[in-house]
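Have a look at the structure below before the remarks.
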Amino acid sequence: MQIAAIIVSLVLAVVGVALFARAFLQIYGFVRLGQNVPAGSRTNDWKDRTVTVVREFLGHTRMNQWGIVGVAHWFVAVGFYTLVLTLVNAFGQLFSADFTLPVIGKWAPYEVFTELIGVLTTLGIIVLIVIRQLSKANKPGRKSRFAGSNAGQAYFVESVVLIIGLAILTLRGLEGVLRGVHSYEVNFLFSYPLTVAFRGLSTGTVENLVYLVAMIKIATSFIWMIVVSLKTNMGVAWHRFLGFPNIWFKRNAKGEVALGALLPMHSGGQPIDFEDPADDAVFGVSQVEEFSWKGILDFSTCTECGRCQSQCPAWNTGKPLSPKLLIMNLREHAYAKAPYLLAGEDKSNVPAAAAAEAERPLIGTAEENGVIDPDVLWSCTTCGACVEQCPVDIEHIDHIVDMRRYQVMIESNFPTEAGTMLKNLENKGNPWGLATKARLDWVKELKKETGIEVPVIGEDIDPAEVEYLYWVGCAGALEDRAKKTTKAFAELLHTAGVKFAILGKEETCTGDSPRRLGNEFLFQMLGAQNVETLNAAPVKRIVATCPHCFNTLANEYPQLGGHFEVIHHTQLLQHLIDEGKLLPVNPVEGLITYHDPCYLGRHNKVYTPPREIIEKVPGLRNEEMHRHKERGFCCGAGGARMWMEERIGKRINTERVDEALSLNPDIVSTACPFCLVMLSDSVNGKKNEGAAKETLRVVDVAQLLLESVKADPAAPEAEAEAPEPVSS
């Protein structure tokens, strides 16, 4: 028994280590196929990056948001790394059954730690196995986050961990017999019952069992190593190693997720000069090797856990996009094509499968044998749920937008409805194509309704006299429902005595929608124009009612030389309430539920101010929807989807409104003009169907606050249909 155990264990160990080293080199070579990134962008602040890795691993910061799953995974992950000495001890036991590690082998703290982590790792993997069984991939209604994952690979990995955990505990029980443990002692904290069970066996039998179990533990470990070495695209296994560098090289050194600003376009590691691009500049991504090396590392690291998929609004409404499956498909394509790319100019010895993979278009229908279907690419709302949830910090949105950029700027291949929006922006500076002077219509309406005059910088007021520049935004100035928010906010600022002004006709679209659609050139053009205008009219601070404008001004214009202090209107309103400059005293009765705009919440972490405003309004009873804050559900308008029709599955805004209606609210509130339009459209549809009460209102928090602040609040107007054609 002993000789057989030694031979089997050593052979598997030698083969496993050799193949594992080769696999690491292969993965390194695959990752290097990606394009360079700007110098220092992924390696700056190495101390912060190291702290981030330690914090995210030891704290399991993303995983522990999922309760028992995070706790169970923590013990499995910690056990994988800290119980490696039990493998060393098992090798020693092959040669001498009573072998213990020198110095620490019988040290009580070490043995207690081994037993504790061994038991908790075993229990942890059992919990994870049960959870996977309760949410099988074939669960109807797309309810399983494991749908599309490689179930066989997951079962293999889970079985390996379970076998090793049981082997560790069994060996501890056998060690107790050989060490003559006849009563409970702390060194055998959990394994003593096994010692009691084995105590009646002869010494020879116990020794043979040690050889057998040690061999099982070693063989299982190195069979796992051999299998994953031969299958370098097995993310469920390789994330244990690749997760650390993927987190270390994440976009933000201090640990913030890759949301907010999009990355500027680069080619070959250098920024693209859109006024005079290089002849060989690559615009976006049309082949897998045109992703950055961080992108290839992202694909390699995906563990197929499906948390991104479970939170994705597109997937949850029957659309073909699953962030998980998109990353998996890119990984499979990259690894299958790698031999072709690594072969250099001489392709004569390239395997036929790799050559065939190289012929596949990155974006294409099933008939075209494309890697990513166009419907997958254009279903994304860039809401950020996938990036927020990913435990290994994969940057899904960056990769999706990079692929969109090529399709829009080089192929001119994108949903036709979005073309109208782009033309209107190019010609009129707003998505609706309305005349520039229409941006001041709401000012005239407000003066007629209230007598309040809103000054325009450069015409009515000097910038030095202004506390805040109010960035109205296209929707806030031109869309009828959004204009109600604009006028309410302006009236509140006037009531609070805040000196503010607007740019009026000098304001143009910030470029959020074209940038997320993939038209980086148009974004650069609009952004440069706005930055020049803002720098020419220097103001202290900017406040915006649109989260998309807020995000672009605050996070993306620094890429264009525009560095401004920008806040959202809910933040300013909360501040004015706290200072006593706004006093909500009149009750606004009813049950209210608040919808988090993605670009205010997930992208910019503004969750508290809107809720505090609602809390300060007397009469309102707030109840949260099931999906809120970090797990809030998109309205369907982001990522330029505002301007594209939903032809597949259930409308995202309808799904969100159904969730709101389950609470039977009197008011659905939000803090974004896009969300206001999308939710209003769906609520109006529900009213027509008789599925929502006629008194249900969809309003911005600023409108609610104004109702409460005004001494003689007017009866709230019924929501009007917007005359402009927008997607719902």
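Between the side chain of Arg602 and the main chain of Gly632, a donor-acceptor pair closer than 3.5 Å is present. In terms of modelled atom types and a separation under 3.5 Å, the side chain of Asp398 and the main chain of Leu262 share no donor-acceptor contact. A donor-acceptor contact shorter than 3.5 Å links the side chain of Asn430 to the backbone of Trp432. Side-chain N or O atoms of Thr593 include one that pairs as donor or acceptor with a backbone N or O of Glu623 at under 3.5 Å. Using a distance-only test at 3.5 Å, with no hydrogens or angles considered, no donor-acceptor pair links the side chain of Arg641 to the main chain of Cys380. The main-chain N or O of Glu659 is found under 3.5 Å from a side-chain atom of Ser662 such that the two form a donor-acceptor pair. Using modelled atom types, one side-chain atom of His568 and one backbone atom of Thr545 make a donor-acceptor pair closer than 3.5 Å. Formation of a donor-acceptor pair under 3.5 Å by the His603 side chain with backbone atoms of Leu600 is not found in this model. Put simply, the side chain of Ser708 gets close to the backbone of Asn586: a donor and an acceptor are under 3.5 Å apart. A donor-acceptor pair under 3.5 Å links the side-chain atoms of Asn424 to the main chain of Thr420, judged by distance alone.
At most 12 non-hydrogen atoms from other residues, nucleotides or ligands lie less than 6.0 angstrom from NE2 of His494. Within 6.0 Å of the CZ atom in Phe521, the count of heavy atoms belonging to other residues, nucleotides or ligands does not exceed 12. Annotation for Lys686: atom NZ counts as buried by contact number, over 12 foreign heavy atoms lying within 6.0 Å.
Atom CZ of Arg631 and atom CD of Gln311 lie 5.5 Å apart (nearest 0.5 Å). Between atom CD of residue Glu565 and atom CD1 of residue Ile567 there is a gap of 7.0 Å, rounded to the nearest 0.5 Å. From Phe414, atom CZ reaches atom CZ of Arg405 across 15.5 Å, with rounding to the nearest 0.5 Å.
Residues Gln571 and Phe550 meet the side-chain proximity criterion, which asks for heavy atoms closer than 4.5 Å. Residues Asp375 and Ile648 are in side-chain contact: their nearest non-hydrogen atoms beyond the backbone lie under 4.5 Å apart. Taking the side chain as every heavy atom from C-beta outward, Phe489 and Val543 approach each other to under 4.5 Å. Between Glu449 and Lys444, every side-chain heavy-atom pair lies at or beyond the 4.5 Å cut-off.
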- Task: Begin from the C-alpha positions of Asp658 and Lys650 and carry the test salt bridge (charged side-chain N to carboxylate O under 4.0 Å, His left out) through to its verdict.
- Result: CA-CA 11 Å; Asp658 282 344; Lys650 184 179 182 180; 2.8 Å; yes

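In this structure, Arg656 fails the cation-pi test against Phe633, since its NZ or CZ atom is not both closer than 6.0 Å to the six-membered ring centre and inside 45 degrees of the ring normal.
Across Pro431 and Met421, no two heavy atoms sit closer than the pair CB-CG, 3.9 Å.
Side-chain contact, Asn604 with Asn551: a donor N or O sits under 3.5 Å from an acceptor N or O. A side-chain donor-acceptor contact under 3.5 Å links Lys319 and Thr317. Counted by atom type alone, Glu624 and Tyr594 present zero donor-acceptor pairs between their side chains at under 3.5 Å. For the residue pair Gln524/Glu520, the side-chain donor-acceptor check at 3.5 Å is satisfied. In this model, a donor atom of one side chain and an acceptor atom of the other lie less than 3.5 Å apart for Glu612 and Gln574. Tyr557 and Thr510 share no donor-acceptor pair across their side chains, judged by distance under 3.5 Å alone. Side-chain contact of Glu395 with His399: a donor-acceptor pair under 3.5 Å is absent, judged by distance alone.
Asp700 has no carboxylate O lying under 4.0 Å from a charged side-chain N of Arg481, or vice versa, which leaves the two without a salt bridge. Classification of Glu256 and Lys605 as a salt-bridged pair fails, no side-chain N sitting under 4.0 Å from a carboxylate O. Contact check on Lys629 versus Glu388 returns no salt bridge, with no Lys/Arg side-chain nitrogen under 4.0 Å from an Asp/Glu carboxylate oxygen.
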